[in-house]
Every structure is written in structure tokens, then in C-alpha cells.
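Both ligands and their constituent atoms are indexed starting at 1 by order of listing. Counting from 1, the numbers follow the sequence of the chain as shown.
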Amino acid sequence: MSTVWFQEVRVVEVAAGRVTAPQAVAVEDGRIAEIAAAPPRDAAVIKGAGRFLAPGLIDAHVHFFLAGNATPLETYLGSSEEVRLAIAEQNARLALASGITTMRDCGAPAALMAELRARLRRAPELGPHVVSCGAPLTRPRGHLHYFGEEVSTTAEVRAAVLRQLQGGNEFIKLIASGGGLTPNTDPAAADLAQPLMSEAVGVAHAQGAAVAAHCHATESMERALVAGVDVIEHASFVTRDGHRFDDAIACRLRSAGIVVDPTVVGALRSAAEIRRAGQSANPAAVSAIARLEGRLTNAARYRELGLKIVAGTDAGVTATGFDSLVDELLAYQSVGFSAAEALRAATCDAAEFLALGERGQVRLGWQADLVLLENDPLLDLETLRRPALVMKAGRVVVASEQRAALAV
Ligand SMILES: [Zn+2]
């Protein structure tokens, strides 16, 4: 049972939005064991030299098995299972090197996800903690059907929910509308029938698991509300007439305590790629650019209305790599979030709203998922891009050659 001390670090208290004077933080058995003025004599120390110790970041929406290149669907469909796993492992390494210590996967081939998680349990230094839904539930040939559970009856929904939870996944994902990545689906259309969504929520909640719904179409958001899901992914407000934010529905989401995950950066990069290529990967997504760019103004409005917001990038989708979370936070900042509010969406708020347990804060007894930063992230979110050191569950997992000088 060895203890290591961070010496002379300013602790970033994300919940309070402030940093402390230089102090010492002890880590033992994967947890934050003590916070004191200085380490005891002869303690093993990591020299902070006045740097900033912040919680590791949480990306609330990723797809490990998509490559995040210009054509992620083609890459996925054209790859062997071995190559798909290699892509996921590469994504995991990039995330951890970027200071992202927890990722929530929102849709993957279930068997490969189980394999990835087994590999990360054997070699935790190769990637972040993973929370996953396994295969998402979708209508036959619906969005993400290529690795989804295709369901059309309540009996199929019940079986699929139980299968994904028994497979070791923590939550259930419903594909409630079409998606930009999948031809022959329409983001403006609600895709999963109300009784199927309600059945999924009933079965999952009875098992103590949360339900997230992928919703672009406004109608799909209304169905998610009625079904009582816990989180709405994208929450895009798309109608047949294009993008239109609906304050009344947003306020109903707030009253119901439903969390929104606006996934801005993946959308902006997908929009940029559509402009460059001159067309969408999905010909049915006629107003794709307006729909995608609307996610930025949606995030601003959700904040103004006081909804629970978590930061997710949709990493894996078009042109969106596993190091994109800081760009998500900068996008929030560009539309009125303070740096502290943006950072909370990727740390303490994400942990609380998604029930991820004792992580997302530098706090006594909590999980030691930490990043050591050159600057104060409450003044400079950019500093999050280059952590001097990343610790996952009490273990230093990233400290590059030049950064190694920090550690004794
Ligand atoms: Zn997604």
C-alpha cells in the first residue's frame, strides 16, 4: 500500500470555481487519501512546483469503434474485427494522453466493446475508464443498425435491454430519431415508437440502469420526455421545416430533471466536412448544416434556461478525434458559458448527472483521476490540452519524456 504525494499543487476546485493556495495531495489505493500543507518527510513525491491539479476530464459521448476520420462509417463497415479493435485501442490511448480519464461510449458493437473493456481491465494504462451502453436499440435498419439491436416489439426491447445490461454495460441507449451518419434514416423523423421507448425505460430502470436517447427530431425529444429517459443525447430540435429550438419543450425537460448532452464539436466538424465535400453522407439529411450548427446555439439556450448539461463530443464521428473535448468546452465558452461552467460539464456535473460515482472532483476519498496542468484552467481552458501528467485511479499513466522531470 504505497502512497504518493503531489507536492506544492494548486488544487482546482471545479464545483466552487476556484483554486487553492499551493498544498499537498496524497494518493493511496487509487483514492485521494489526504490533503495537507506539505507531504511528510521521506514521502514519495511528484513535484507540482505551483502547477494546477485538476480532476481528469469526462467525455460523456463517444464511439470507440468509429475512427473519427472523414468517412467513419465506411471505415467501420470496411474493417475486420481486429482492425476495429485496433482503432478503439488507438482512440483510448489518445483520450488518456489528452487527460480524459473517463469516457461514456454511446453505441458500439457489443461483443467488441466487452473485449475492449476486458483489455483495459488487464492494462488500465492503455485507456480511460469506460462506461458503455453496448449496442444501441434502434428500429430495423435504423440509425447505427450496423452495430445496434434492431427492435420492433416490446418483447424484443425487453430482451435487448436485459442482454446489454447482462453484457456488462451500465446504461441503455435508444436511437429515437434518424442520424446524420446513416443513409435511409431521417434526423427530422422520430424513429422509435413511443411504446418501445417506454418499455425500454421501464425495464432498464427496474434494473437500476439509466436510459439515454439519441434525439435530433423534436418529436423524438417529446417521446423521450413521455418515456422518462434520463439523458437526451444531441437534443437537436430538428423539425421537417429545419432547426428550431423550442423553449416550452426545453423547460419540460428541465422540470423532469432530464440531462442534455448537446455534442457540439462533432456537429460543427461534420458540418465543416459537408461544406468541404459539397454533400452529406446521408442524402436524406437535407438541412444537415443548419441542424448541425444549431447544436451550438442550443447549448447556449440550454444553459440560459438552467438545464443540466454534460459535455460530450461524439468522438468517432466525422472528423472528430478522441482529443476533442477541449474544443467542446471552448465552443461552450464562445456562446456565454464561463470557463468554470464549461469545465464542470466535463468533470463534476458530468459525474453527478450521469451517476458516475466519486469522480470529477479533487476531493478526499474520491477516485484519484487527476491531471497536472501548467496554467489555471478556470482562466485558460487551452491548458487542458497538454497535461504535464495524467493519473488514472491513482496510477501515473501519462508523463512524457520531457514531462518526466516533474516526477521524482
Ligand atoms: Zn453519437
Asker: Is the ring pair His214/His234 parallel, tilted or perpendicular, if the boundaries are 30 and 60 degrees?
Answerer: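 Judged by the thresholds at 30° and 60°, the geometry between His214 and His234 is perpendicular.
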
Asker: If only side-chain N and O atoms count, and only distance matters, is there a donor-acceptor pair under 3.5 Å linking Arg104 with Ser132?
Answerer: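 Not at all, the side chains of Ser132 and Arg104 share no donor-acceptor pair under 3.5 Å.
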
Asker: For the Zn ion (ligand 1), does an N/O/S atom of Cys106 lie at less than 2.8 Å?
Answerer: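 Checking Cys106: none of its N, O or S atoms is under 2.8 Å.
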
Asker: Report whether any nitrogen, oxygen or sulfur of Asp314 sits less than 2.8 Å from the Zn ion (ligand 1) (N, O or S, backbone or side chain).
Answerer: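 So Asp314 does bind the Zn ion (ligand 1) by this criterion.
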
Asker: For the Zn ion (ligand 1), decide whether His63 has an N, O or S atom at a distance under 2.8 Å.
Answerer: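 Yes, since at least one N, O or S atom of His63 sits under 2.8 Å from the Zn ion (ligand 1).
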
Asker: Tell me, please, whether Phe337 has Arg303 positioned over its six-membered ring: NZ or CZ under 6.0 Å from the ring centre and within 45 degrees of its axis?
Answerer: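 Judged by the rule (NZ or CZ under 6.0 Å from the ring centre, within 45° of its axis), Arg303 counts as positioned above Phe337.
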
Asker: As a test of understanding, state which of Val371, Leu343, Val390, Asp369 forms a side-chain contact (heavy atoms from CB on, under 4.5 Å) with Leu57.
Answerer: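 That would be Leu343; it is the only one of Val371, Leu343, Val390, Asp369 passing the side-chain contact (heavy atoms from CB on, under 4.5 Å) with Leu57.
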
